[in-house]
Structure formats: C-alpha cells, structure tokens
Amino acid sequence: LKSGGNAELIDTYNNKPPKWNDTIGAYVLNFNKRVTEASVKNFQLISTTDPETVYLQFGRVGKEVFNLDFRYPISPFQAFTMCLSSFDYKLGCE
C-alpha cells in the first residue's frame with residue numbers, strides 16, 4: 001500500500017487457537033462434524049476483525065480424504081492453494 005493508503009483493502013486471517021478439552025485431555029477445534037480424524041493438517045482460519053466466524057476450515061475425514069469448507073471473501077482458488085500448502089513438510093509435526 002502507498003503511504004496513507006487504506007489498510008481495509010487487505011484481509012488478514014489467523015489460525016483459530018484450539019481449546020483444552022478436559023474430557024479427552026487434548027486441545028480441540030469444533031469442525032461441526034465435517035472433520036472426523038485428528039491430523040496436524042487440520043486447521044481453521046478466522047479473520048482478525050471477526051474472530052468468531054470461521055472463513056476456512058480444512059481437515060481429514062479418511063486416510064487420504066479431506067474436507068475443505070470456505071466462505072466469502074475467500075475464493076475457491078485461494079482456499080485450494082491455502083490447503084495445498086498444508087501438505088508441505090512441517091518440521092517437528094510428523
């Protein structure tokens with residue numbers, strides 16, 4: 001952006017932090033039954049301006065099967081490329 005530009009032209013998203021579940025003794029995210037298996041690749045993105053709304057979620061539902069859900073303003077291409085990047089090797093996670 002140019003100096004003095006409008007910062008509202010850029011949307012910023014973060015990974016939604018998981019919450020501790022005493023019942024299972026682990027950190028969890030609520031995927032509303034759209035994700036059925038634990039994986040380091042599972043994630044949800046929230047906006048910095050609207051932290052209660054999930055704009056993209058991606059997670060494992062089978063050995064080699066994943067679900068991807070997204071909403072405006074994220075395009076299908078953006079959603080696909082963000083999720084594709086989760087398949088890159090993550091040091092210390094696998």
Side-chain angles (χ1 to χ4, degrees):
L1 292 175
K2 293 181 181 177
S3 179
N6 188 351
E8 293 177 13
L9 296 175
I10 299 173
D11 293 326
T12 307
Y13 300 92
N14 295 320
N15 284 327
K16 184 175 183 178
K19 295 189 173 153
W20 181 257
N21 183 318
D22 285 325
T23 306
I24 63 171
Y27 287 99
V28 296
L29 289 169
N30 182 3
F31 285 92
N32 296 310
K33 299 182 182 178
R34 297 284 295 155
V35 174
T36 56
E37 295 189 13
S39 172
V40 297
K41 293 175 177 59
N42 298 352
F43 68 94
Q44 294 179 326
L45 293 182
I46 55 174
S47 171
T48 54
T49 59
D50 183 11
E52 297 303 313
T53 303
V54 175
Y55 286 87
L56 181 144
Q57 67 180 16
F58 180 71
R60 185 184 296 271
V61 294
K63 184 174 187 221
E64 295 180 359
V65 181
F66 293 84
N67 270 350
L68 165 60
D69 300 314
F70 62 95
R71 65 186 309 164
Y72 179 83
I74 297 174
S75 74
F77 178 74
Q78 290 170 321
F80 178 73
T81 56
M82 283 187 268
C83 294
L84 190 61
S85 72
S86 75
F87 286 94
D88 193 16
Y89 177 75
K90 294 183 177 159
L91 186 61
C93 292
E94 307 226 15

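Side chain of N42 to main chain of E37: a donor-acceptor pair is present (N/O by atom type, distance under 3.5 Å, no hydrogens or angles). Side chain of N67 to main chain of R34: a donor-acceptor pair is present (N/O by atom type, distance under 3.5 Å, no hydrogens or angles).
Between F58 and F66, the ring planes lie parallel to each other; the angle is under 30°, not in the 30° to 60° tilted range.
Nearest heavy atoms, Y55 versus S47: CE1-CB, 3.5 Å. P17 and I46 make their closest contact through CD-CD1, 4.4 Å (heavy atoms, listed as atom of the first residue, atom of the second, distance). Of all the heavy atoms in I24 and V28, the pair that sits closest is CD1-CG1, 3.4 Å. Scanning both residues, D11 and P73, for their nearest heavy atoms gives OD2-CG, 3.5 Å. Among all heavy-atom pairs drawn from I74 and A79, the shortest one is CG2-N, 3.7 Å. S86 and K41 make their closest contact through O-CG, 3.7 Å (heavy atoms, listed as atom of the first residue, atom of the second, distance).
Between the CG atom of N30 and the CD atom of Q57 there is a distance of 8.5 Å, given to the nearest 0.5 Å. Put simply, CD on Q44 and CG on N32 are 8.0 Å apart, with the number rounded to the nearest 0.5 Å.
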Original post:
Under the side chain to side chain contact (heavy atoms under 4.5 Å, CB included) criterion, do Q78 and L56 qualify, and how do the steps go?
Top reply: CA-CA 10 Å; Q78 290 170 321; L56 181 144; over 6 Å; no
**OP:** Report the C-alpha separation of L45 and N15 in whole Å, then their side-chain angles, then the decisive distance to 0.1 Å, and conclude whether the side chain to side chain contact (heavy atoms under 4.5 Å, CB included) test is met.
**Re:** CA-CA 5 Å; L45 293 182; N15 284 327; 3.3 Å; yes
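F31 is not connected to F43 by any chain of hydrophobic side-chain contacts under 4.5 Å among Ile, Leu, Val, Met, Phe, Trp and Tyr, and they are in different clusters. By the rule that hydrophobic residues join a cluster once side-chain heavy atoms approach within less than 4.5 Å of another member, L68 and Y13 end up as members of one cluster. Both F70 and F87 belong to a common hydrophobic cluster when Ile, Leu, Val, Met, Phe, Trp and Tyr are linked at side-chain heavy-atom distances under 4.5 angstrom.
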